[in-house]
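Numbered from 1 within each chain, the chains take letters A, B, ... in sequence-line order. Since we're looking at a predicted model, the values are computed, not measured.
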Amino acid sequence: MAAERYNAPDRERHWQSVWREQKTFKTRRDPAKPKYYVLEMFPYPSGRVHMGHVRNYTMGDVVARYKRARGFNVLHPMGWDAFGLPAENAAIERGVSPKGWTYDNIAAMRAQLQSLGLSLDWSRELATCDESYYKQQQRLFLDFYEKGLVYRKKSRVNWDPVDNTVLANEQVIDGRGWRSGALVEQRDLEQWFFRITDYAEDLLAGLDTLNRWPEKVRLMQRNWIGKSEGARLRFRLEGEALPKAHTELEIYTTRPDTIFGASFLAISPQHPLAAALAKKNKGLREFIAECARMGVSQEEIDTAEKRGFDTGLKAAHPFRAQTKLPVYVANFILMEYGTGAIFGCPAHDQRDLDFANKYKLKVKPVVIPEGEDAKAFKVKTEAYTGDGRLANSSFLDGMSVEAAKAEVIRRLEAKGVGKRETNYRLRDWGVSRQRYWGCPIPIIRCPACGVVPTPDADLPVRLPEDVDFSAPGNPLDRHPTWKHVKCPQCGGAAQRETDTLDTFVDSSWYFARFCSPEEDARPVDPEACDYWLPVDQYIGGIEHAILHLLYSRFFTRAMRDCGHLNLAEPFAGLFTQGMVIHETYRDGAGKWVSPDDVRIEGDGPTRRALTLDGRPVEIGPAEKMSKSKKNVVDPDAFKAHYGADTARWFVLSDSPPERDVLWTDDGAQGAWRFIQRVWRIVDDAAEKGAKPGAPKPAEFSAEAMELRRAAHRALDKVSRALDSLGFNRAIAAAYEFANAFSPALQGKGDASLAFALREAAEFLTHIINPFMPHLGEECWSRLGYNTLLANAPWPEADQALLVDDTVTMAVQVNGKRRDELIIARDATKAAIEAEALKLASVAKAIEGRPVKKVIVVPQRIVNVVA
RNA sequence: GCCCCAAUGGCGGAAUCGGUAGACGCGGCAGACUCAAAAUCUGUUGCCUUCGGGCGUGCCUGUUCGAGUCAGGCUUGGGGCACCA
């Protein structure tokens, strides 16, 4: 009887309802089983699931289902990164409430994700905008405050004039806001900060332990933390204009060895000394104002000239008091790094050299490259930053750079004018946002008592829902009553903090909350976290390599230090997945055209695209699917026709998961054909094969043996591929295995073949199941089981069946392949050599020359050297 | 400018250790089934060739019996950081 076509959409609805009714994926703590926590970065509830989501969540689901079959107690939860600007923009543009808009989107996306058949424990679902979630986040904020990890300071901030909010340094990309793309301005504002810099060294050292993270991400974090080792030292200042409070100037350098090459000092325009001097110096005032106007865009920084203003002050060299160095205010010195002041050594630093050349300052080489003469070595326009020997440097002469650094620091410390210091590029994390749709900062400011934490009994500090978005700025600040409260300490009139927390705070601990989402008395249940954490496999986009992953690492440490958790690193394994891309199309007028409105004709060089009514379309490069370029394939429409399994299978086939995958209609068709093929194979094998639990025959026919070998080999290959997240390789092995069924299904086998057919069909079902779980259940059922495949253990491959009795070895002559040799697996080297030399093809290639040597690598290769 | 990664047929990509390059998929070609189409199945598919063979993993050197894989030097593409002292 011919199999009916597999009706994917229908069967998928069926199996999803079975899983839901049986609560198949509800997870409980079970100390008897090894745990495995697999997590995909939770989505922002934009309202629609796109193919990128499908790929991301399918990867996690394959891992979750595979580990589950392998006997692990798997935690695989889902939630929503639900605070953020789009909800406010929707409120402004369409007059809807941010809360209503967000929860509607969540409902829509939940339904879409559920139709993908993901093995998620939906009972743990959370949204960061849930009161139950942000209540705990407010507790954490206050715990951090208590612990000294939160502080308030007036600071120069990155202000996004489009989104009307402050951005963290991490959120400024090329001088523009990461969301709005607007040119970022500098403003002075009172802001809340997390002391992430307290953990700079620990965050850096911890990277070395993360051996299941991509090296690329670790490197990016290492660079971001930006450790540099050097020295801080004080110069005595003199000069008529010298303000009383500034008789000394502290600078930071990573090259203390070049101290004798110093020819000037330079301070930032924002340095307190500059401000003090400017009070009595109009020219300097103007210079500083000019520097402040300088843009922060990439282009402006690149083209900006090194400029300085001579303050007239002189600084005494710490080791040569008679040497007086001029002190400049210079536009290239950052107040935020080191001490906001440097000594300039033009010979060995390019910026210092450019500056010195402009202002005709001395350029004295003090590090001489190997093989150069100290007297003859000159630096003109290229600074020498390499290694060498010290010269023109008093007590340092002849030393290596390393030795000189140590010696200078030793002497500075002995004189009490300097010390060794390590600096980090990493700055504290500014978390205040002047926005409505975020977690309120649970702080009250009282004119009498100052900063007062909101008492625990008053948490959560709820967001008011009667807010007005008609004017720009923060609706919380404008709200008639919300911010007015009584001071919890003195009872007097006080005000709430009206800023909300950066949404990156929300995503910095959600992975821990998933371990005990019902917990109300505290942010997390430490016992639950001890069992589930760390996340064993975290999966998400490379775009979070720095921000989210660094913040989460910081949060885990801070939570540990507040007694909530017992670990430092939240994510033991990290995988960054590639995007789903699609060709782009444009019509004659240059307008983007959707793939749905394009017909492709021809192939290779003659391949061309036309609109449905026959007008020519230009084919552009494959790019990330985006609405603006119209190159999107809608998962819902695709699923309705081909089912979720087809989409799941296709987005993981072809390309390695860390790389982009190109969506093509032909490729998707291929996945669809394969689903039908698996169904036919299993249906056929269920018909012709043995019944479930049939005894294993004592003898197998050659045909049966071949199928069994293919089955066990495929199982082994897929298992190993999945262990290393090689989804595309696992899929290739599945295809290869499916190809092996043909001979067995065509012939009229004996009982041993019937057994082999059942075994192979079961293996195929197990193998495809993590990718196509609905088809998996359908096949499992067709094979005669009334249990769920989702609960069935992964089969074990029989090692004895993985190897053949004979092997095919390549035979080379002088490194060139000339022939093959089929020989017993356990043949001795001598036997292999003898057989190889008997080959006519070998004799021919040798052309009568004497054989000098024969290299035999058993089971692999023979190389005859003549 | 500094740092990192990649490059394999018409296309996406395979190739635990240095050991038969091109698994698997897509596309192409040929055939079977069919009145025909769809669907399915079978075979074939790196390039050149005087049919002996020759050449092939971005380019050039090197190490080795043997290099996609290791080393040195380039080229091109992608990514990260960037006035960080």
Side-chain angles (χ1 to χ4, degrees), chain A residues 2 5 173-174 214-224 226-228 230 251-255 258 266 268 294 298 300-302 304-306 330-334 336-345 348-352 354-355 385 423-427 542 545-546 603-605 607 622 650 653-656 659-662 664-671 673-674 676-677 680 717 720 724 726 728-739 742 746 808-821 844 852-857 859-866:
Chain A
R5 275 174 86 71
I173 293 144
D174 286 346
E215 186 49 41
K216 182 182 176 180
V217 174
R218 291 198 278 172
L219 188 74
M220 280 164 68
Q221 292 216 354
R222 216 168 270 138
N223 290 341
W224 189 263
K227 181 178 184 172
S228 67
I251 65 95
Y252 178 74
T253 180
T254 56
R255 293 296 302 271
T258 63
S268 162
M294 197 182 82
Q298 199 47 57
E300 284 175 277
I301 288 171
D302 282 347
E305 219 183 338
K306 307 275 170 283
N331 65 349
F332 63 96
I333 309 299
L334 304 173
E336 298 82 34
Y337 190 78
T339 61
I342 61 151
F343 79 71
C345 176
H348 305 294
D349 182 288
Q350 192 60 47
R351 279 164 319 162
D352 295 351
D354 294 345
F355 191 81
T385 55
N423 252 309
Y424 299 89
R425 219 180 63 102
L426 183 70
R427 321 256 177 84
I542 185 72
I546 298 173
D603 184 55
R607 187 168 181 275
F650 179 58
S653 65
D654 286 2
S655 289
R659 261 192 248 175
D660 292 349
V661 65
L662 179 66
T664 61
D665 287 347
D666 287 332
Q669 286 288 339
R673 277 200 297 271
F674 186 66
Q676 297 300 342
R677 198 158 150 234
R680 277 195 311 274
K717 258 193 191 174
R720 280 183 295 135
S724 57
N728 58 322
R729 286 177 288 132
I731 285 175
Y735 274 114
E736 202 178 1
F737 179 32
N739 290 340
S742 309
Q746 276 158 21
T808 308
M809 293 177 65
V811 181
Q812 297 181 333
V813 176
N814 292 335
K816 286 218 162 111
R817 184 179 166 279
R818 296 292 172 186
D819 210 337
E820 283 181 353
L821 190 61
K844 192 179 170 201
K852 288 185 199 143
K853 186 152 69 152
V854 179
I855 286 136
V856 178
V857 183
Q859 293 165 38
R860 285 190 187 275
I861 205 161
V862 185
N863 190 8
V864 179
V865 186

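Of the side-chain N and O atoms in A:N739, one or more sit less than 4.0 angstrom from OP1 or OP2 of B:G25. Contact annotation: A:R677 side-chain N/O to B:C41 OP1/OP2 distance is under 4.0 Å. At B:C84, one or more side-chain N or O atoms of A:R351 fall inside 4.0 Å of OP1 or OP2 (strictly under the cut-off). For B:U42, the OP1/OP2 oxygens have a side-chain nitrogen or oxygen of A:S742 closer than 4.0 Å. Considering only side-chain N and O atoms, A:Y337 lies under 4.0 angstrom from the phosphate OP1 or OP2 of B:A85. Phosphate contact (OP1/OP2 of B:C84, side-chain N/O of A:R427, threshold under 4.0 Å): absent. Remark: A:R680 is in phosphate contact with B:C41, judged by side-chain N or O atoms under 4.0 Å from OP1 or OP2.
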Which letter, B, S or -, goes with each nucleotide of nucleotides 49-65 of chain B from 5' to 3', with contact meaning a protein heavy atom under 4.0 Å? ---SSSS---------B
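Among the atoms of the strands shown, none is found under 4.0 Å from any heavy atom of A:I731. In this structure, A:Y735 reaches the sugar-phosphate backbone alone: every heavy-atom distance under 4.0 Å involves primed, P, OP1 or OP2 atoms, never a base. Within the 4.0 angstrom heavy-atom criterion, only backbone atoms of the sugar-phosphate kind lie near A:G670; the bases stay farther away. If you check every strand for non-hydrogen atoms under 4.0 Å, A:T664 touches nothing. Across all strands shown, A:E820 has heavy atoms under 4.0 Å from base atoms, whether or not it also approaches the sugar-phosphate.
Atom name C1', nucleotides B:U40 and B:C33: the rounded distance is 9 Å, in whole Å. As rounded to the nearest Å, B:G58 and B:G68 have C1' atoms that lie 12 Å from one another. Here, B:G13 and B:A7 have their P atoms 10 Å apart, quoted to the whole Å. Taking the P atom of each, B:C74 and B:C3 are spaced 13 Å apart, rounded to whole Å. Remark: the separation of the C1' atoms in B:C60 and B:G53 is 28 Å, to the nearest Å. Comparing B:G78 with B:G43, their P atoms sit 42 Å apart, to the nearest whole Å. For the P atom pair drawn from B:C70 and B:G25, the interatomic distance equals 29 Å after rounding to whole Å. One P atom belongs to B:A21, the other to B:G54, and the distance between them is 13 Å to the nearest Å.
In this structure, CZ in A:R351 is found 6.5 Å from CD1 in A:I333, a value given to the nearest 0.5 Å. The OG atom of A:S228 sits 3.5 Å away from the OH atom of A:Y252 when rounded to the nearest 0.5 Å. Interatomic distance, A:E820 CD to A:I861 CD1, rounded to the nearest 0.5 Å: 11.0 Å. Here the CD1 atom belonging to A:I342 is positioned 8.0 Å from the CD1 atom belonging to A:I251, to the nearest 0.5 angstrom.
Annotated as anti: B:C11, whose glycosidic dihedral deviates from 0 by more than 90°. Anti is the classification of B:G27, since its glycosidic angle lies more than 90° from 0. Base orientation for B:G9: syn, the chi torsion being within 90° of 0.
With a cut-off of 3.5 Å on both Watson-Crick or G-U wobble distances, the partner of B:U40 is given as B:A32. Of all nucleotides present, only B:C26 satisfies the Watson-Crick or G-U wobble test against B:G10, with each distance under 3.5 Å. Nucleotide B:C81 forms a Watson-Crick or G-U wobble pair with B:G1, both donor-acceptor distances falling under 3.5 Å. Across every strand in view, B:C65 sits in a pair with B:G19 that passes the Watson-Crick or G-U test at under 3.5 angstrom.
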Give every pair of a protein N or O atom and an N or O atom of nucleotides 44-46 of chain B that lie under 3.5 Å apart, one pair per line with the distance.
none

Set out, line by line, the N/O atom pairs under 3.5 Å between protein and nucleotides 11-15 of chain B.
{"residue": "B:G12", "atom": "O2'", "partner": "A:S655", "partner atom": "OG", "Å": "2.9"}
{"residue": "B:G13", "atom": "OP1", "partner": "A:R659", "partner atom": "NH1", "Å": "3.4"}
{"residue": "B:A14", "atom": "OP1", "partner": "A:N728", "partner atom": "ND2", "Å": "3.2"}

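Distance A:F650 CZ to B:G25 C1': 9 Å, rounded to the nearest Å. Following rounding to the nearest Å, A:R222 (CZ) and B:C4 (P) show an atom-to-atom distance of 12 Å. Following rounding to the nearest Å, A:N223 (CG) and B:C4 (P) show an atom-to-atom distance of 9 Å.
A 4.5 Å side-chain heavy-atom check between A:F355 and A:N331 finds every atom pair outside the cut-off. The closest side-chain heavy-atom distance from A:F650 to A:I731 is not below 4.5 Å. Contact of the A:I542 side chain with the A:K216 side chain is registered, since non-hydrogen atoms from C-beta on lie closer than 4.5 Å. Between A:V865 and A:N814 there is a side-chain heavy-atom pair separated by less than 4.5 Å.
Nucleotides of RNA chain B nearest to A:F343 and A:I542 differ in position, and the one nearer the 5' end is that of A:I542.
One finds no salt bridge joining A:E736 and A:R729 here, because no Lys/Arg side-chain nitrogen approaches an Asp/Glu carboxylate oxygen to under 4.0 Å.
In this structure, of B:C83, B:A85, B:A23, it is B:A23 that holds the atom nearest to the side chain of A:E736.
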